[in-house]
Amino acid sequence: MNNPRPEPADLLVRNSYLVTVDADRRILTNGAVAIKDGRVIDVGRDVQLSANYTAKRVIDAAGAVVHPGFVDTHIHLLYHLLRWSTNDGGDWNNSLPIHAEYATLVDEETEYLAAKLSAWEMARNGTTCFLEAGNLPIHDGAAAEAIEEVGMRGLIGKGIKDIDPSEGDSDSHRGAQHQSSETARAIKGLGSDLWRNSDSDALVRGVVNLSGMGSASDELELAAKALADEHGVILNQHLSYHQQDVDADDRRLGKHAIVHFAEIGLLAENCTFSHVNFVRDDEVEPFLNSGASIGWCPMASMLFGIGGTIRGKHLELYRKDANISFGCDSANWTSAFDIGEQAFMASLTAREKTGKTDALLAEDMVQMATINGAKSCGMADEIGSIEVGKRADLVIRRNDLPESVPSLDPLRSVMYSSRAKSVDTVVVNGEVIIEAGHSTKLDEIDIKVRANEKVQDLFQKMDRPIPSGNWPHID
Ligand SMILES: [Zn+2]
């Protein structure tokens with residue numbers, strides 16, 4: 001029976017193919033969501049909610065898919081201005097010198113523009129929350145301000161290390177000395193942005209970030225874990241991107257990294273590792289037992305032929321209930337900040353690798369991009385699904401594109417055919433931040449012009465040629 005006296009809401013999204021990603025994975029084929037004060041207050045059939053609520057704003061999804069916002073669990077915002085700054089066909093580590101030089105030149109405006117451009121791109125492609133990898137902040141507040149201006153949700157924190165992974169391999173004493181002199185300083189630097197969490201409504205919050213990949217002593221790892229536990233947040237770090245990282249860890253630790261992390265008591269549900277392109281057989285069980293997460297970045301492996309999608313165990317771990325989510329990584333390491341694209345590539349490579357068409361289905365892609373992403377961020381009780389009480393972070397698709405027709409299977413249409421093109425409206429914390437594919441909060445022309453000007457300026461300062469591709473250019 002309908003409520004005789006409709007209740008007030010801020011926003012009602014109605015007439016939708018509502019993919020809730022709740023515990024039962026319900027899809028309401030004619031569903032609606034009522035939102036108030038930034039949270040979902042009701043989920044149900046359209047006919048019921050339309051009668052029960054009087055909303056300040058009503059969005060008619062015209063039967064299109066509505067799903068929880070995607071979560072990007074491994075992303076570097078800082079280097080966004082360096083997208084395609086090295087020549088195509090170069091080795092993955094060709095980007096490292098230019099990144100290092102750029103980092104010395106990052107002023108407040110550069111950090112602000114890089115973060116703003118990244119956040120806008122993510123939001124435009126249906127991502128509502130991200131986990132930054134540890135490059136930020138450099139100038140306090142610059143990146144957070146940009147992220148908040150776009151209206152996105154993000155987790156940041158300076159990535160800390162006490163070992164230079166390039167040192168010490170051939171001389172264990174040098175590595176040990178370096179480590180002991182650096183560890184105390186490093187521990188003091190942990191959790192740079194945890195102060196943000198005192199405001200539980202803040203869009204930008206803090207986590208504990210380590211740089212990872214052979215750059216932290218056990219003492220630093222355990223101090224970081226203790227701090228994460230104390231603050232109820234995740235400990236996030238890179239692990240095993242390249243075979244070289246794996247080899248260095250094996251030499252330094254005398255065993256496989258995940259086995260070592262389990263033995264020292266580090267591995268737990270609030271540990272999130274990015275990449276993990278190489279997992280050996282003895283690492284599977286301790287990883288599964290821990291409940292830890294992996295931010296899988298398939299395209300960051302594929303772009304440089306690293307082998308993670310062929311030799312990695314992401315699929316095997318996911319099928320054994322490990323929490324695997326997706327990350328885009330960095331501007332030079334991926335095509336775009338588009339989690340749907342990562343999911344699509346993951347699904348295709350999983351099928352190709354296994355020869356099985358059911359290796360990763362559209363539903364798996366959505367689960368990994370939403371609720372698994374939320375778990376990887378330590379925010380599964382707040383985001384990642386469309387359920388009463390959760391933050392209202394969701395994406396409304398359009399279904400009038402050629403790629404959306406015929407509409408026999410709307411979810412496959414979105415994940416396989418229309419992809420980011422069909423992102424129409426993006427809501428974060430109950431606020432519409434993207435509408436008809438455009439930011440409601442940014443001057444899009446201004447950000448494009450300023451970012452391009454900044455890049456020209458940076459290349460001049462670095463005295464580097466702008467990469468010109470492989471064909472002759474005629475001015
Ligand atoms: Zn990374």
Side-chain angles (χ1 to χ4, degrees), residues 71-86 91-100 102-103 106 111 114-115 118-119 121-122 127 129-138 143 154-161 163-166 192 207-216 224 234-246 248-249 257 271-279 292-309 312 314 324-339 341-342 345-346 373 376-377:
V71 181
D72 190 318
T73 60
H74 184 65
I75 200 140
H76 298 259
L77 277 62
L78 186 66
Y79 302 112
H80 213 52
L81 298 183
L82 294 182
R83 174 148 58 192
W84 310 142
S85 57
T86 50
D91 200 41
W92 67 276
N93 53 18
N94 281 2
S95 293
L96 299 180
I98 189 169
H99 278 209
Y102 165 87
V106 170
E111 180 175 346
S118 306
E121 183 176 329
M122 282 189 268
T127 295
C129 179
F130 65 84
L131 171 58
E132 212 278 331
N135 299 118
L136 298 171
I138 294 174
L155 300 173
I156 63 173
K158 261 178 204 154
I160 302 297
K161 60 180 178 178
I163 298 174
D164 183 341
S166 64
S192 65
V207 293
V208 178
N209 271 334
L210 291 173
S211 299
M213 286 203 300
S215 63
I234 58 153
L235 166 60
N236 175 45
Q237 61 187 302
H238 292 83
L239 182 66
S240 303
Y241 169 66
H242 194 278
Q243 184 68 51
Q244 288 169 12
D245 308 312
V246 176
D249 269 343
C271 291
T272 296
F273 299 92
S274 48
H275 299 294
V276 199
N277 286 326
F278 303 85
V279 173
S293 296
I294 293 175
W296 180 15
C297 310
M299 294 175 76
S301 173
M302 294 164 79
L303 197 62
F304 293 102
I306 301 297
T309 59
H314 306 94
I324 312 293
S325 53
F326 293 122
C328 288
D329 202 15
S330 183
N332 270 340
W333 266 263
T334 194
S335 62
F337 281 6
D338 180 347
I339 282 298
E341 196 168 63
Q342 299 291 337
M345 286 296 165
S376 301
C377 291

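As the structure lists them, so they are numbered: ligands from 1, and atoms in each ligand from 1.
The shortest side-chain heavy-atom distance between Trp296 and Ser301 does not fall under the 4.5 Å cut-off.
Of all N, O or S atoms in Asp329, the one lying closest to the Zn ion (ligand 1) is OD1. The atom of His74 that is an N, O or S and sits closest to the Zn ion (ligand 1) is NE2.
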| query | ring-ring contact (aromatic ring centres under 6.0 Å, His included) between Phe337 and His80: does it pass, once the steps are laid out? | reply | CA-CA 10 Å; Phe337 281 6; His80 213 52; 4.2 Å; yes
| Does the side-chain hydrogen bond (donor to acceptor under 3.5 Å, both in side chains) test come out yes or no for Ser376 and Ser325, once each step is laid out? | CA-CA 7 Å; Ser376 301; Ser325 53; 2.7 Å; yes
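Donor-acceptor pairing under 3.5 Å is recorded for the side chains of His74 and His238.
Between the NE2 atom of His76 and the NE2 atom of His238, the angle centred on the Zn ion (ligand 1) amounts to 110° when rounded to 10°.
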